[in-house]
Amino acid sequence: MAYYIEIFCGVVAVVLFLYYYLVATFDFWKIRNVPGPKPIPLFGNIKDVMLTKVSMSDYLKNLHEEYGDEPMVGIFTRRTPILILQDPNLIKNVLIRDFSKFADRGFPVYEKTEPLSPHLFNLEAERWRPLRTRLSPVFTSGKLKEMFPLILECSEHLEHYLETVVQTGDPVECRELLAKYATDVIGSCAFGIETNALSDTESEFRRVGRNVFKTNFSQLLRFRLRQAMPWLYRLLGYILPESEITKFFTKVISDTLHYRSENNIVRPDFVNMLLELKKHPDKLQNIKLTDTLLTAQAFVFFVAGFETSSSAMSNALYELAQNHEIQDKLREEIRQHCNKNKGKLKYEEVKKMTYLDLVFRETLRKYPPGPFLMRKSMENYCFDETKVTIPKGTLIWIPIFSIHRNAKIYPNPDSFIPERFTDDVIQTRHPMYYLPFGDGPRNCIGARFAVYQSKLGLIKILRNHRVDVCEKTMIPYVIDPTAFLLAPKGGIYLKITKVDD
């Protein structure tokens with residue numbers, strides 16, 4: 001009998017210890033007088049997100065509506081405290097004014113388990129700063145102008161490919177179509193490689209790119225394990241074989257760098273900048289420059305470039321298909337500028353398409369690529385306006401999607417209204433109320449490139465084609481709760497038809 005009592009007591013002790021471990025941090029926000037919903041053991045406040053019943057975008061939006069008048073809200077992801085900033089001045093402090101204290105995004109890097117994870121988006125501040133400085137020249141307006149003929153050529157391939165698609169009369173899955181176009185643009189402009197994603201149904205680049213964001217059970221399991229037990233996830237790096245994605249990009253970048261070096265090939269692109277870094281590693285101070293680290297930078301530019309741009313273009317077409325007055329007005333502007341210079345589109349003409357810019361900004365307002373920005377405090381910090389102090393290492397979320405859909409900031413937020421972004425109207429809003437690419441020193445390095453390739457894609461589609469909803473179009477728009485970035489559940493199907501000049 002005593003034996004069973006000992007076992008029972010041991011089990012109770014283990015359960016109590018586990019329970020204490022799971023709830024030990026739950027007073028973190030209470031003692032700091034930061035409001036927020038009550039967490040539950042194991043899940044914190046994100047049970048429905050973890051069980052893929054609701055997307056993170058929708059969860060944060062609902063939270064924002066519940067605590068709309070609060071400058072900050074405290075939640076927990078499992079047992080980790082997260083501070084959600086809602087006040088624009090507090091957001092500006094974190095992104096710009098006190099950036100040096102929040103230079104880290106807070107994403108862990110698992111160099112053994114995920115060799116391509118130490119890229120510019122994830123890297124801690126120490127390695128991020130010198131890499132950002134060396135890679136930034138690739139994304140200047142001057143470099144973009146040099147790349148413009150290459151982007152234009154890819155957009156013309158899109159136009160020709162669309163002709164064959166339209167002839168079938170079938171609904172078009174726009175996300176996949178535009179992901180192929182964006183893949184070709186990045187392959188050509190960044191790596192000097194013909195990916196042939198549009199012309200070749202067996203394109204390796206498109207297949208691998210598709211797998212990066214595939215939300216199957218295996219991917220979700222890795223993601224949850226990485227969040228819940230990072231120590232175990234790190235150990236798996238010594239057991240798990242390299243993924244196909246890692247092997248593919250490592251070989252492509254390594255072969256390209258070697259070929260250019262051997263043949264003295266110089267191009268104004270991303271790979272050329274990586275080659276310069278490899279030749280002069282001393283320029284990166286104390287960073288150990290490896291082929292894997294270089295490949296990681298190319299990898300993130302590739303996957304982020306095609307995914308965010310294809311998402312923005314397809315979401316724009318989705319809205320235009322439901323708003324024909326806006327679509328017709330935009331087509332008229334496109335044709336006016338395209339008919340100049342004997343029909344040859346120039347870099348300057350794209351910049352002059354003001355209504356296209358309004359449409360694109362409104363698209364990113366409704367559908368920002370990521371639901372939130374993340375930062376981590378690099379030291380103890382006090383928010384002077386609220387007198388709330390957080391310790392070093394605290395994670396901060398800035399809920400972009402929630403802010404962009406706030407009816408007090410953007411009246412009638414579910415409607416698509418490009419005129420929200422005329423100069424006069426913009427002046428009435430705090431600049432921190434529009435953050436599709438972030439802000440401050442750690443904003444999106446490739447934003448200018450992404451905008452240009454997206455606008456050219458829309459120009460080529462809308463100039464001579466009309467987009468309409470069809471029986472397969474998802475209305476209303478449902479966000480995929482399993483996707484890592486904001487994405488529609490089931491894709492975006494539209495009817496595309498030819499229109500007369």
Are the side chains of T77 and W397 in contact, using a 4.5 Å heavy-atom criterion?
yes
Atom pair CZ/CG of F383 and D98 - distance to nearest 0.5 Å
8.5 Å
F28 six-ring centre to R32 NZ/CZ under 6.0 Å and within 45° of normal:
yes
L458 side, atom CG; S309 side, atom OG - distance, nearest 0.5 Å:
10.0 Å
Consider only side-chain N and O atoms of E385 and N93, and report whether a donor and an acceptor are under 3.5 Å apart.
yes
When rounded to the nearest 0.5 angstrom, what is the spacing between CZ in R375 and CD1 in I91?
11.5 Å
Would L293 and Q297 count as a side chain to side chain contact (heavy atoms under 4.5 Å, CB included) here? Give the steps.
CA-CA 7 Å; L293 186 62; Q297 312 319 311; 3.6 Å; yes
L123 CG to R105 CZ distance, which is reported to the nearest 0.5 Å
10.5 Å
Carefully, step by step, assess D69 and K408 under the rule salt bridge (charged side-chain N to carboxylate O under 4.0 Å, His left out).
CA-CA 11 Å; D69 295 328; K408 293 180 180 179; 3.3 Å; yes
Does any donor atom in the side chain of Y59 or N45 lie under 3.5 Å from an acceptor atom in the other side chain?
no
Any chance the rings of F301 and F139 have centres within less than 6.0 Å?
yes
Indicate the atoms forming the closest heavy-atom contact of T183 with F205, along with that distance.
CG2-CB, 3.9 Å
The test is side chain to side chain contact (heavy atoms under 4.5 Å, CB included); show your working for L135 and L277 and say whether it passes.
CA-CA 9 Å; L135 295 176; L277 290 178; 4.0 Å; yes
Assess R365 against Y410: is NZ or CZ under 6.0 Å from the centre of the six-membered ring, and within 45 degrees of the ring's axis?
yes
Just how far is it from atom CG of D184 to atom OG of S155, taken to the nearest 0.5 Å?
11.0 Å
With ring-ring contact (aromatic ring centres under 6.0 Å, His included) as the test, would you mind laying out the steps for Y452 and Y347 before giving the verdict?
CA-CA 9 Å; Y452 240 82; Y347 175 83; 4.8 Å; yes
Yes or no on salt bridge (charged side-chain N to carboxylate O under 4.0 Å, His left out) for K366 and E362, after CA distance, side-chain angles and deciding distance?
CA-CA 6 Å; K366 281 197 74 174; E362 175 68 346; over 6 Å; no
In short, S117 meets V109 closest at the heavy-atom pair OG-CG1, 3.5 Å
Taking NZ, NE, NH1 and NH2 as the nitrogens, is one of them in R175 or E307 under 4.0 Å from a carboxylate oxygen of the other?
yes
Salt bridge or not between D439 and K92? Use side-chain N to carboxylate O under 4.0 Å.
no
Kindly assign one of parallel, tilted or perpendicular to the pair F107 and F121, based on the angle between their ring planes and the thresholds 30° and 60°.
tilted
Would you say N412 has more than 12 foreign heavy atoms packed within less than 6.0 Å of its CG?
yes
Residues E349, K352: salt bridge by 4.0 Å N-O rule:
yes
Do R429's NZ or CZ and the ring of F421 fall within the cation-pi criteria of under 6.0 Å and 45°?
yes
Which class fits the ring pair F299 and H119: parallel under 30°, tilted 30 to 60°, perpendicular over 60°?
tilted
Calculate, to the nearest 0.5 Å, the distance between atoms OG and CD1 belonging to S314 and I492 respectively.
4.0 Å
Distance to the ring centre below 6.0 angstrom and angle to the axis at most 45 degrees; does that hold for R206 and Y181?
no
